[in-house]
2 protein chains.
Amino acid sequence: MSAIVTAEGAQRRDPERTKREILEVATAEFAASGFAGARVDRIAELTRTTKRMIYYYFESKEGLYLQVLEKAYALIRTVERELDVAGLSPVDGLRALAEFTYDHHTSHPDFIRLVNIENIHRAQHISQSTIIHDLNSTAIDTLDGLLRRGIAAGEFRTDIDALDLHAMISAYCVFHVANRYTFRTLFGRDLLEPERHSYYRRLVGDMIVATMTDLHRPDLVPPQSTREQQTSTE
Amino acid sequence: MSAIVTAEGAQRRDPERTKREILEVATAEFAASGFAGARVDRIAELTRTTKRMIYYYFESKEGLYLQVLEKAYALIRTVERELDVAGLSPVDGLRALAEFTYDHHTSHPDFIRLVNIENIHRAQHISQSTIIHDLNSTAIDTLDGLLRRGIAAGEFRTDIDALDLHAMISAYCVFHVANRYTFRTLFGRDLLEPERHSYYRRLVGDMIVATMTDLHRPDLVPPQSTREQQTSTE
DNA sequence: TTCACAATGTACTAACTAGTACGTACTGAA
DNA sequence: TTCAGTACGTACTAGTTAGTACATTGTGAA
């Protein structure tokens, strides 16, 4: 065992903590300023250690950014597993999943910002990542299960699949976090105002359930893509 | 009148064209790389003129970026006025507006990217702009009119206002453009694939109409915000 | 035709910023 | 107690980048 803490309580050496601290500070910095706007010196300043260590552990600014993204995605996937809809009806489960996603996204704005930043860069960094691709989404599997049950019960539309449904839910939740600032500036309404939180959360549930249970119109023709790539679990 | 074209067809002087060309190139550059990632030298290179003229007409990189934003928003507001729903029923008008917005957003990806970039910067630039705030949205007025007619006819829910409805529509449309890259990387589906366009367009219409005409559940309590700012037309 | 001024080009600079050379000290194993 | 290797700090650099000093030319009005 290493003697990390001295008599005065000051740390000597602790590589794990150093790495973790750099990642935490870097997450905030990249989320706040984007990749090009982020400053390696600023990250170093907010750490107990120096810039030298960033390059020692992460090779480059880009390497650091990639690990920030990977850690952020891994965290999200972990949280997704917390939701259990097995005991709920398809309609209630769908609502629970949508509202859970809303709570989750609104309480992790830095993650949403990082995803936005990565989209500005056309996902060039995460497409290089080996681990993010393997990190398959629990949310899709959960949605898929709910969808099958709801369709079997004759309660759901049959022409929307789990991926497009996921896009609908994400769209609503991401927008509230990501476009908060321009929306407020243009329209004078803060989409993340605490007083509105429960209202917006129920609204996304209403929206998704109303859409999926609306059986009165002719089905859409679900597109059959030739180029679509299958994910690794299928 | 100025003699702009010489015998060989080469331009001599044309301040308006110079300004316009800088703005066009700058729009693409900022949309592609963000504010910090954009390079003034690169913008100058793609222009017939030199970097000197950028500073001559726009003062600074920030000044240029602000005018890019202002011009982009002005263009959007112009396009919004093209839609006329006066002759349509509330339900049909609402669907038309949602699907129009989808077409519009998917055909102006640079604008969506600029808005995203501005949100990364917490809208700090457009909040300084004097003209963007005055540029009130036609979309909101159109939505408000449809909402009143639909509510009067007993066809619409009464607990969702024009601004929140606009947020729902925008969310869906913006997400497809803005999050295209990470979505494709993570799930293998391209949200802007041409074969899927008509499907996704009708889906946003279905979603909005289904949500607004779903009268079977108890109303939400519309939040009464004390801090909300009124826009200038009210 | 003249002239004041707007428009433009060239060449430069100060400051910043990612990244590194080099040296030291801590640590655990033998 | 020694020692090899990991962890760390200081001080530096090469290249980039926003911004400018200065000179020049085109242009429309008088």
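Every chain is numbered from 1, with letters handed out A, B, ... down the list of sequences. Because the structure is predicted, anything quoted here is derived from the model rather than measured. Because only heavy atoms are used, hydrogens play no part in the values below, and waters and symmetry mates are left out as well, while side chains stay in.
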Using the test side chain to side chain contact (heavy atoms under 4.5 Å, CB included), find all partners of [X] that sit at least two apart in sequence or belong to another chain.
X: B:Leu46; answer: B:Val25
X: A:Arg180; answer: A:Arg184, A:Asp190, A:Leu192
X: B:Thr138; answer: B:Glu80, B:Arg81, B:Thr142

Not counting sequence neighbours, list each pair that qualifies as a side-chain hydrogen bond (donor to acceptor under 3.5 Å, both in side chains) and has a residue in residues 57-73 of chain B.
-> B:Tyr65-B:Glu118, B:Glu70-B:Ser129
Smallest heavy-atom separation, A:Ala72 atom then A:Leu114 atom, equals CB-CD1, 4.1 Å
What are the residues of [range], sorted by number, that bring a heavy atom to within less than 4.0 Å of DNA chain C?
range: residues 32-40 of chain A; answer: A:Ala38, A:Arg39, A:Val40
range: residues 18-26 of chain A; answer: none
range: residues 117-128 of chain A; answer: none

Would you kindly give the [atom1]-to-[atom2] distance between [X] and [N], to the nearest whole Å?
X: A:Asp14; N: C:dT27; atom1: CG; atom2: P; value: 10 Å
X: B:Leu64; N: D:dA18; atom1: CG; atom2: P; value: 11 Å
X: B:Arg42; N: D:dT16; atom1: CZ; atom2: P; value: 12 Å
X: A:Glu16; N: D:dT6; atom1: CD; atom2: P; value: 14 Å
X: A:Ile43; N: C:dG19; atom1: CD1; atom2: P; value: 11 Å
X: B:Glu62; N: D:dT17; atom1: CD; atom2: P; value: 18 Å
X: A:Lys61; N: C:dC16; atom1: NZ; atom2: P; value: 16 Å

Are the ring centres of A:Tyr181 and B:His121 closer than 6.0 Å?
-> no
Do the ring planes of A:Tyr200 and A:His176 sit parallel (below 30°), tilted (30 to 60°) or perpendicular (above 60°)?
-> perpendicular
Aromatic plane relationship, B:Phe111 with B:His105 - under 30° parallel, 30 to 60° tilted, over 60° perpendicular = perpendicular
Minimum side-chain heavy-atom gap A:Glu21-A:Thr49 below 4.5 Å | no
Compare all side-chain heavy atoms of B:Leu191 with those of B:Arg196 and state whether any distance is below 4.5 angstrom.
-> no
Under the side-chain hydrogen bond (donor to acceptor under 3.5 Å, both in side chains) test, which residues partner A:His197, sequence neighbours left out?
-> A:Asp103
Which residues, if any, of residues 49-60 of chain B bring a heavy atom under 4.0 Å of DNA chain D?
-> B:Lys51, B:Arg52, B:Tyr55, B:Ser60
Would you call A:Glu99 and A:Arg202 a salt bridge, taking side-chain N to carboxylate O under 4.0 Å as the test?
-> no
Do NZ/NE/NH1/NH2 and the carboxylate oxygens of B:Lys19 and B:Asp14 come within less than 4.0 Å?
-> no
Fill in the dot-bracket string of DNA chain D, one character per base: . for unpaired, | for a pair to another strand, ( ) or [ ] for pairs within the strand, taking Watson-Crick or G-U pairs under 3.5 Å.
-> ||||||||||||||||||||||||||||||
Look up atom CZ in B:Arg17 and atom CD in B:Glu24, then write down how far apart they are to the nearest 0.5 Å.
-> 9.5 Å
For A:Phe183, which residues count as a ring-ring contact (aromatic ring centres under 6.0 Å, His included) partner, sequence neighbours excluded?
-> A:Phe187
Taking distance alone, no hydrogens or angles, what donor-acceptor pairs closer than 3.5 Å link side-chain atoms of residues 27-41 of chain B to residues at least two apart or in another chain?
| from | atom 1 | to | atom 2 | distance (Å) |
| --- | --- | --- | --- | --- |
| B:Thr27 | OG1 | B:Leu23 | O | 2.7 |
| B:Glu29 | OE2 | B:Arg39 | N | 2.9 |
| B:Glu29 | OE2 | B:Arg42 | NH1 | 3.1 |
| B:Arg39 | NH1 | B:Ala36 | O | 3.0 |
| B:Asp41 | OD1 | B:Lys51 | NZ | 3.3 |

